[in-house]
Amino acid sequence: MTPAARCVSIIPCPRAGRQGFQVGGGTVEDRFEQERMATVEALRAKGVDPYGSRFDGVAPVAQIAGAYEEGRVVRVAGRMTAMRNFGKAAFADLRDSSGKIQLYMKQDMLDPASVEVLQVLDLGDVIGVDGKLGKSRTGEITVFASGLRMLSKALLTPPEKWHGLRDVEIRYRQRYVDLWANPDVMATFRRRTQIIGAIRRYLDERGFLEVETPMMQAIPGGAAARPFVTHHNTLDLALYMRVSPELYLKRLLVGGMEKVYEINRNFRNEGISTRHNPEFTMMEVYQAYADFNIMMDLTEGLIGSAIDLLHPSRKISYGLHELDFTSPWRRATYDQLLKEHAGVGLDDEAGLRSKAKELGRDPNGEIAAVADRLFESCVEHQLIQPTFVTHYPITLCPLTKASATDPRFAERFEMYIAGMECANAYTELNDPIDQEHRFRNQVEQAEGQLRVVDEDFVRALKVGMPPAGGLGIGIDRIVMVLTNSPCIRDVILFPLMR
RNA sequence: GAGGGUGUAGCUCAGUUGGCAGAGCACCGGAUUUUUAAUCCUGUGGCCGUGGGUUCGAGUCCCACCACCCUCACCA
């Protein structure tokens with residue numbers, strides 16, 4: 001009996017597998033599972049292996065349907081998701097990762113072993129099929145089976161055939177059901193892989209080197225988020241899951257990797273929402289001798305390459321919005337957008353404070369902070385079309401280089417799509433003394449929170465880091481936009497569940 | 001962390017004013033050799049999220065807890 005003996009059907013307990021769920025005294029055997037177990041035994045008794053092995057020469061069903069040829073001998077395999085039984089014959093739907101195809105299984109067209117399989121076939125079983133391609137009376141492309149092999153007998157009942165698996169909690173927890181029961185889900189994750197592939201290709205073609213830097217760090221740095229804490233036993237060492245790879249990628253700039261990037265997980269011990277998962281995929285890229293303007297072009301280029309792959313028209317529906325990614329994307333200053341959506345500019349201190357008060361936000365404190373509250377309240381969610389926001393007030397960006405031409409502003413942009421922050425880029429600070437001061441200020445201001453100066457990083461800057469542009473892109477959010485997914489959990493295969 | 005919502009059969013969902021626990025799909029048995037949510041007949045299936053309380057009587061009302069969803073807060 002498995003540890004989750006109580007959890008007998010595919011769905012019944014969302015927390016299957018968790019410790020402590022096992023019921024003491026007398027396991028509850030599910031009726032459906034018992035029936036299918038009996039089938040397994042019956043097959044074995046007849047010398048048929050209910051859990052088959054290697055099955056060579058399988059073609060994707062979409063490919064077979066796409067290159068239809070009357071009478072062609074084909075071999076397919078997949079999960080049986082529907083069956084229409086007529087006694088001595090039956091139609092069934094066979095689904096693989098490419099799509100589905102109809103099977104026609106008639107007893108007098110099958111060898112005896114296959115008839116045994118047909119007689120015990122249940123929804124959800126994984127089967128292998130040999131047959132000839134043809135069309136049914138209604139014109140549907142159909143494999144007319146001559147041989148059936150049971151490749152894996154399903155013991156648990158699949159979701160309902162018409163409505164499918166809707167319960168979002170079960171979908172996230174039992175993605176292994178969700179993926180085949182809801183074809184859109186499979187399509188979304190296929191696209192996710194394609195998007196990341198396009199981004200990699202774009203960077204690789206331009207001479208960027210993909211690297212992997214530590215996810216377990218003794219000093220978590222590169223972002224202000226709270227880290228997850230863990231512990232190394234034999235070293236008796238506190239370690240932190242990284243909140244950002246930034247400080248390591250910059251060390252690589254120092255080491256002479258002039259164009260470097262990483263696509264991998266970051267971990268932030270913060271709230272969860274439709275746009276935040278505790279572990280999420282970030283792409284960070286650094287380019288020596290560049291600045292944030294070059295990063296802006298890079299952002300548009302690499303996201304554009306992914307869009308061209310999936311949406312060549314560059315027009316994308318996202319929820320109720322029609323997004324237009326035709327180049328060039330809008331570039332606007334922070335001040336400009338504040339005036340546009342909040343009706344006050346950065347130079348109008350009294351106006352900013354009264355507007356904040358009007359909106360019920362804190363009107364006190366440093367004026368840039370007040371402005372930023374207004375930016376959050378009034379501007380961010382209005383940035384539906386892809387928009388680069390530039391010229392952030394320098395005090396909002398303590399780790400960015402100030403503009404050489406106007407030191408009130410930082411050399412930074414954020415890029416928004418559908419009201420979501422999707423990218424963030426700087427002209428990176430490479431003055432070690434300046435950096436050290438800013439680190440120490442941060443530590444002083446981080447009351448109670450863990451914050452330690454990464455002395456080795458300062459040392460690295462002292463060795464000399466070339467001036468550089470740095471860019472971070474939230475991959476999950478880009479995938480959300482490009483797959484019309486309203487929730488970050490819809491684009492993460494196994495999102496965190498309590 | 002705050003507010004709102006949801007939780008009923010394996011799945012998708014009804015459940016009236018507090019009065020016998022329901023449907024469709026799935027499943028068991030029967031009929032059916034071109035259907036596609038196949039059809040027809042028949043039957044099985046319930047810890048109503050968990051634990052308390054009110055009541056003659058609770059799926060329904062009250063309290064607490066658990067999980068999930070939404071909004072907000074946190075998140076340079």
Side-chain angles (χ1 to χ4, degrees), chain A residues 6-15 18 21 23 28 30-36 38-39 81-93 100-110 122-124 134-142 144 154-174 177 181 222-227 243-244 246 266 268-278 280 360-361 368-369 372 376-377 392-400 410 412 414 421 424 426 438 442 445-446 449 472 474 486-487 489 495 497-498:
Chain A
R6 171 77 188 276
C7 306
V8 277
S9 177
I10 280 191
I11 308 301
C13 86
R15 308 181 80 177
R18 292 194 94 210
F21 193 86
V23 243
V28 185
D30 182 79
R31 179 168 54 95
F32 298 113
E33 187 175 5
Q34 279 183 330
E35 284 166 7
R36 291 188 180 215
T39 302
T81 55
M83 177 142 77
R84 299 171 286 281
N85 208 320
F86 290 84
K88 295 192 174 61
F91 288 94
D93 293 342
K100 73 176 180 187
I101 197 163
Q102 177 166 262
L103 308 177
Y104 183 64
M105 301 170 291
K106 194 161 68 158
Q107 280 192 6
D108 54 22
M109 287 168 60
L110 295 168
D122 286 314
L123 295 184
K135 287 190 176 170
S136 70
R137 188 171 288 169
T138 53
E140 178 160 349
I141 293 173
T142 300
F144 290 81
L155 294 179
L156 304 184
T157 315
E160 202 237 17
K161 64 182 174 188
W162 185 243
H163 299 94
L165 183 57
R166 288 270 181 79
D167 185 308
V168 291
E169 180 172 359
I170 301 169
R171 287 186 39 224
Y172 297 148
R173 289 187 193 276
Q174 300 183 24
V177 179
R226 279 174 294 177
V243 293
S244 161
E246 174 161 348
N266 287 351
R268 297 190 179 177
N269 206 338
E270 308 282 357
I272 296 175
S273 78
T274 50
R275 290 169 297 280
H276 299 82
N277 194 63
F280 64 101
R361 303 294 306 256
D372 208 42
E376 281 169 20
S377 295
Y392 278 74
I394 186 69
T395 51
L396 294 178
C397 315
L399 299 185
T400 315
R412 172 194 187 185
E414 288 197 357
E421 180 194 336
N424 188 7
Y426 305 129
R438 296 193 195 194
Q442 276 194 325
Q445 284 166 14
Q449 283 200 37
C487 178
R489 288 175 152 184
M497 303 294 280
R498 196 187 307 237

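Just so we're on the same page: letters track the sequence lines, and every chain starts at 1. All values derive from a computational prediction rather than experimental measurement.
- Listed candidates were U35(B), A26(B), U32(B). Nearest to the side chain of Asn85(A) is U32(B).
- Across all strands shown, Phe280(A) has no heavy atoms under 4.0 Å from either base or sugar-phosphate atoms.
- Below the 3.5 angstrom threshold, one finds a donor paired with an acceptor across the side chain of Glu160(A) and the base of G24(B).
- Rounded to whole Å, the C1' atom of C48(B) lies 4 Å from the corresponding atom of U8(B).
- Side-chain contact check for Ser377(A) and Arg361(A): at least one donor-acceptor pair (N or O, by modelled atom type) lies under 3.5 Å.
- Side-chain proximity of Arg31(A) to G45(B), C11(B), U34(B): nearest is G45(B).
- Nucleotides G43(B) and A26(B), compared at atom C1', are 14 Å apart to the nearest Å.
- Residue contacts for Arg412(A): at a heavy-atom cut-off of 4.0 Å it reaches the sugar-phosphate backbone alone, with no base atom in range.
- As rounded to the nearest Å, C41(B) and G57(B) have C1' atoms that lie 39 Å from one another.
- Side chain Arg84(A) to base U35(B): a donor-acceptor pair is found below 3.5 Å.
- Of the candidate nucleotides C68(B), C11(B), A76(B), C68(B) has the atom lying nearest to any side-chain atom of Met497(A).
- Comparing C68(B), A37(B), U34(B) by their nearest atom to the side chain of Trp162(A) picks out A37(B).
- C72(B) is paired with G1(B) under the criterion used here, namely a Watson-Crick or G-U wobble arrangement in which both key atom distances are under 3.5 Å.
- With a cut-off of 3.5 Å on both Watson-Crick or G-U wobble distances, the partner of C61(B) is given as G53(B).
- Shortest non-hydrogen contact noted between Val177(A) and Leu165(A) is CG1-CD2, 3.8 Å.
- For the P atoms, the distance from A9(B) to A21(B) is 15 Å, rounded to whole Å.
- Ion pairing of Lys135(A) with Glu140(A) is absent here, as no side-chain N (NZ or NE/NH1/NH2) approaches a carboxylate O to less than 4.0 Å.
- In the set U12(B), A26(B), A67(B), the nucleotide with an atom closest to the side chain of Leu165(A) is U12(B).
- Here A67(B) sits opposite U6(B) as a Watson-Crick or G-U wobble pair (both hydrogen-bonding atom distances under 3.5 Å).
- A58(B) sits 35 Å from C72(B) when the C1' atoms are compared, rounded to a whole Å.
- Residue Gln102(A) has its side chain nearest to U35(B) when only U35(B), A26(B), A67(B) are considered.
- A 4.5 Å side-chain heavy-atom check between Asp122(A) and Met83(A) finds every atom pair outside the cut-off.
- Taking the nucleotide of RNA chain B with the nearest heavy atom to each of Thr142(A) and Asp167(A), the more 5' of the two is matched to Asp167(A).
- Comparing Arg361(A) and Arg166(A), the nucleotide of RNA chain B nearest to each residue sits closer to the 5' end for Arg166(A).
- Both the sub-6.0 Å distance and the 45° axial angle are satisfied by Arg412(A) relative to the ring of Tyr392(A).
- Under the Watson-Crick and G-U wobble criteria, each requiring two contacts below 3.5 Å, nucleotide U12(B) is paired to A23(B).
- In the interface, the side chain of His276(A) is paired with the base of C75(B) through a donor and an acceptor atom under 3.5 Å apart.
- Among the nucleotides A67(B), C75(B), C70(B), the one closest to the side chain of Glu169(A) is A67(B).
- By the criterion of a centre-to-centre distance under 5.5 Å and near-parallel planes under 30°, the ring of Phe86(A) forms no stack with the base of U33(B).
- Here the separation of U34(B) from G46(B), taken at their P atoms, is 37 Å to the nearest Å.
- U35(B) and A23(B) have their C1' atoms separated by 25 Å, given to the nearest Å.
- Here C74(B) is the nucleotide among G45(B), A67(B), C74(B) with the atom lying nearest to any side-chain atom of Glu270(A).
- As judged by a 4.0 angstrom heavy-atom cut-off over every strand, Phe144(A) is placed among the base-contacting residues.
- Side-chain atoms of Thr274(A) lie closest to U71(B) of the nucleotides A76(B), G10(B), U71(B).
- Of the nucleotides present, A31(B) is the one that pairs with U39(B) by Watson-Crick or G-U wobble criteria, both distances under 3.5 Å.
- Listed candidates were U33(B), C11(B), A76(B). Nearest to the side chain of Tyr104(A) is U33(B).
- Comparing C61(B) with U17(B), their C1' atoms are spaced 12 Å from each other, to the whole Å.
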